Number of protein chains: 2
Amino acid sequence: MLATLEPDMGLVRAPATRSDAFSRPSLGSTRAYRKDEEIFAEGDDADHFYRVVSGVVRTYKLLSDGRRQIDAFHLPGDIFGAEPHGVHRFTAEAVGDVSLVGYRSRSIEATALDNPALARDVLAATMESLARAQEHMLLLGRKSATEKVATFLLGLAERMTSGGVVDLPMTRIDIADHLGLTIETVSRSLTQLERQGVITLPANRRGVVLKDRAALRRLRA
Amino acid sequence: MLATLEPDMGLVRAPATRSDAFSRPSLGSTRAYRKDEEIFAEGDDADHFYRVVSGVVRTYKLLSDGRRQIDAFHLPGDIFGAEPHGVHRFTAEAVGDVSLVGYRSRSIEATALDNPALARDVLAATMESLARAQEHMLLLGRKSATEKVATFLLGLAERMTSGGVVDLPMTRIDIADHLGLTIETVSRSLTQLERQGVITLPANRRGVVLKDRAALRRLRA
DNA sequence: CGCGAAATTGAGGATACTCAACATCCGTGG
DNA sequence: CCACGGATGTTGAGTATCCTCAATTTCGCG
């Protein structure tokens, strides 16, 4: 589906499903953001959308009283911030130091007709985001705390993997706001998984060693 | 954004943001489905995607033990079922009797290049679904039962509206599985809203009269 | 009019939250 | 290089919200 039209130029490692119009440096410009820096805010004009080169980005929405829901963490290769109505519907921030390529949003409309390859790639990326969102709604609406954490760890492992050890670049607060839990519950769930021998938490707490993926998959529900 | 390229032919009332390549009857074929009939199942080949002509469609995912999350209800004008990987990631069923137009999915890829207008419309529809999904994740992860129900009622009212009275074509089970609640909690929340004078529940229970939208908006969080 | 499905209501309980204390980490500066 | 302090994370006790189980009512349809 949506097969690659041009070869990946290898500037950035991209997931297999992502194609390549994004790899043409001429279309976008790279910029660096520091930890916790805002990339855009909910309500801002959506002049640009972005592809992650390195680092992790969180996108979230807030309720008026401050409750926060992080809808996704965006890893290298991911596209985010493309909007249908010219206004960003969520806020995007750098989790750690981040490098992004920005693309002018007008290209989506203006070049939908004369740059179909780009339009197709944005479509593929958007469909991918939607699929992830649907999976995440299942988690938020119907999974227990332990199931949520197990799902989260396995999902991260699949995307960031480097055998066994998963990096956790985000804080417990971020994880909690992504899974619809509190930080205490996230912490307790991780501790519980460790006591069951399914994972190990290194001293610095910014990573997780998956000791028993089969058990994690069972716990994921 | 994504401005209309061809005039709406008026076959079906579509949201303002939806454009019109879908209104060309030549591209798709209409089919009727009866109440609770399956349109496609999770895992099926995604040969087609669909636009709702009349009626309501639910799309959902299941956990192995039967827990269900309805990610969206699709109303007339909505597009659903377009997939990035040729396989449907959720099941779609008719809530009541439904009429749909089906489009061959290969058109997405095959005609992305030679039918950019169609590709652009699918992109717009997909972005719209993603925006709804993000809003719904906020609801699922961070809202209380009453806030969920208030949000749901107002959302339906905006989309189905016919002054004051909102039709509820779906059962309490469907509503519960959409909001991440149980049917008992949905029922109690509705009763509570009624006791507060914010809504009225007609005898047949398949509709809701919104007596005080301002109050509902406050309760929505 | 009667039956089965859907919805409501109630009582009790479990999961996750709140509030709080404590531990650990990490960067800063002496 | 070590000590300090703020930020981050863990653990505990008590509680609230929502769930489970169950009984009852109401509705829709033959």
Side-chain angles (χ1 to χ4, degrees), chain A residues 34-36 58 63 65-69 95-97 139-153 167-196 199-208 219 221, chain B residues 34-36 58 63 65-69 95-97 139-153 167-196 199-208 219 221:
Chain A
R34 284 198 307 285
K35 179 168 148 60
D36 294 325
R58 61 174 168 258
L63 294 176
D65 64 358
R67 280 174 285 173
R68 184 176 69 152
Q69 177 65 41
V95 169
D97 290 353
L139 176 150
L140 290 171
R142 288 300 182 221
K143 292 191 181 181
S144 71
T146 307
E147 290 168 347
K148 286 177 176 181
V149 171
T151 305
F152 176 68
L153 293 178
D167 190 37
L168 290 182
M170 66 293 288
T171 66
R172 296 289 188 268
I173 298 180
D174 284 342
I175 298 173
D177 284 350
H178 183 50
L179 301 181
L181 299 170
T182 59
I183 57 176
E184 294 93 333
T185 300
V186 170
S187 188
R188 278 186 253 269
S189 298
L190 287 169
T191 304
Q192 185 193 330
L193 290 174
E194 186 171 39
R195 272 198 291 258
Q196 292 174 15
I199 63 172
T200 303
L201 296 167
N204 69 357
R205 314 269 102 169
R206 298 317 282 255
V208 176
L219 288 169
Chain B
R34 284 198 307 283
K35 180 169 149 60
D36 294 327
R58 62 176 168 254
L63 294 176
D65 64 0
R67 278 174 286 174
R68 183 177 70 153
Q69 177 64 41
V95 169
D97 290 354
L139 176 150
L140 290 171
R142 288 299 180 223
K143 291 192 182 182
S144 71
T146 306
E147 291 168 347
K148 286 177 176 182
V149 171
T151 305
F152 176 68
L153 292 179
D167 190 37
L168 291 182
M170 66 292 287
T171 66
R172 297 290 189 268
I173 299 180
D174 283 342
I175 297 173
D177 284 352
H178 183 49
L179 301 181
L181 299 170
T182 58
I183 56 174
E184 293 93 333
T185 299
V186 170
S187 189
R188 277 186 254 269
S189 299
L190 287 170
T191 304
Q192 186 194 330
L193 290 174
E194 186 172 40
R195 272 198 292 256
Q196 292 174 15
I199 62 173
T200 304
L201 295 166
N204 68 0
R205 312 275 99 171
R206 297 318 281 258
V208 176
L219 288 169

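Source: prediction; values computed, not measured. These values consider heavy atoms only, across backbone and side chains, with no hydrogens, waters or symmetry-generated copies. A, B, ... follow the sequence lines: proteins, then strands. Residue 1 opens every chain.
Not counting sequence neighbours, the partners of B/Arg205 by the side chain to side chain contact (heavy atoms under 4.5 Å, CB included) test are B/Arg172, B/Leu201. Partners of A/Thr191 by side chain to side chain donor-acceptor pair (under 3.5 Å), not counting sequence neighbours: none found.
Here the side chain of A/Gln69 pairs a donor or acceptor atom with the backbone of A/His178 at under 3.5 angstrom. The main-chain N or O of A/Leu181 is found under 3.5 Å from a side-chain atom of B/Arg142 such that the two form a donor-acceptor pair. Judged by distance alone, the side chain of B/Asp97 and the main-chain N or O of B/Lys35 form a donor-acceptor pair under 3.5 Å.
Remark: B/Asn204 CG to B/Arg206 CZ distance equals 8.0 Å, nearest 0.5 Å. Remark: B/Ile183 CD1 to B/Arg188 CZ distance equals 10.0 Å, nearest 0.5 Å. We find the NZ-CG distance between A/Lys143 and A/Leu179 to be 10.0 Å, quoted to the nearest 0.5 Å. Annotation: the span from A/Arg67 atom CZ to B/Glu147 atom CD amounts to 4.0 Å, rounded to 0.5 Å. Annotation: the span from A/Leu168 atom CG to A/Leu190 atom CG amounts to 7.5 Å, rounded to 0.5 Å. The CG atom of B/Leu219 sits 9.0 Å away from the OG1 atom of B/Thr151 when rounded to the nearest 0.5 Å.
A/Ile199 places none of its side-chain heavy atoms less than 4.5 Å from the side chain of A/Gln192.
Pairs of Watson-Crick or G-U wobble type, with distances under 3.5 Å, assemble into runs of 3 or more in DNA chain C at these ranges: C:1-30 with D:1-30.
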Report, one pair per line, the protein and nucleotides 11-18 of chain C atoms (nitrogen or oxygen only) whose separation is under 3.5 Å.
unit_1: C/dA16; atom_1: OP1; unit_2: A/Ala145; atom_2: N; d: 2.7
unit_1: C/dC17; atom_1: OP2; unit_2: A/Thr182; atom_2: N; d: 3.4
unit_1: C/dC17; atom_1: OP2; unit_2: A/Thr182; atom_2: OG1; d: 3.2
unit_1: C/dC17; atom_1: OP2; unit_2: A/Thr185; atom_2: OG1; d: 2.4
unit_1: C/dT18; atom_1: O4; unit_2: A/Arg188; atom_2: NH2; d: 3.0

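Nucleotides of DNA chain D lying under 4.0 Å from heavy atoms of chain A occupy a range whose first and last members, 5' to 3', are D/dG9 to D/dA13.
Shown for residues 167-177 of chain B: residues whose heavy atoms fall under 4.0 angstrom of DNA chain C, namely B/Thr171, B/Arg172.
In terms of phosphate contacts, B/Arg205 brings no side-chain nitrogen or oxygen within less than 4.0 Å of OP1 or OP2 of C/dA6.
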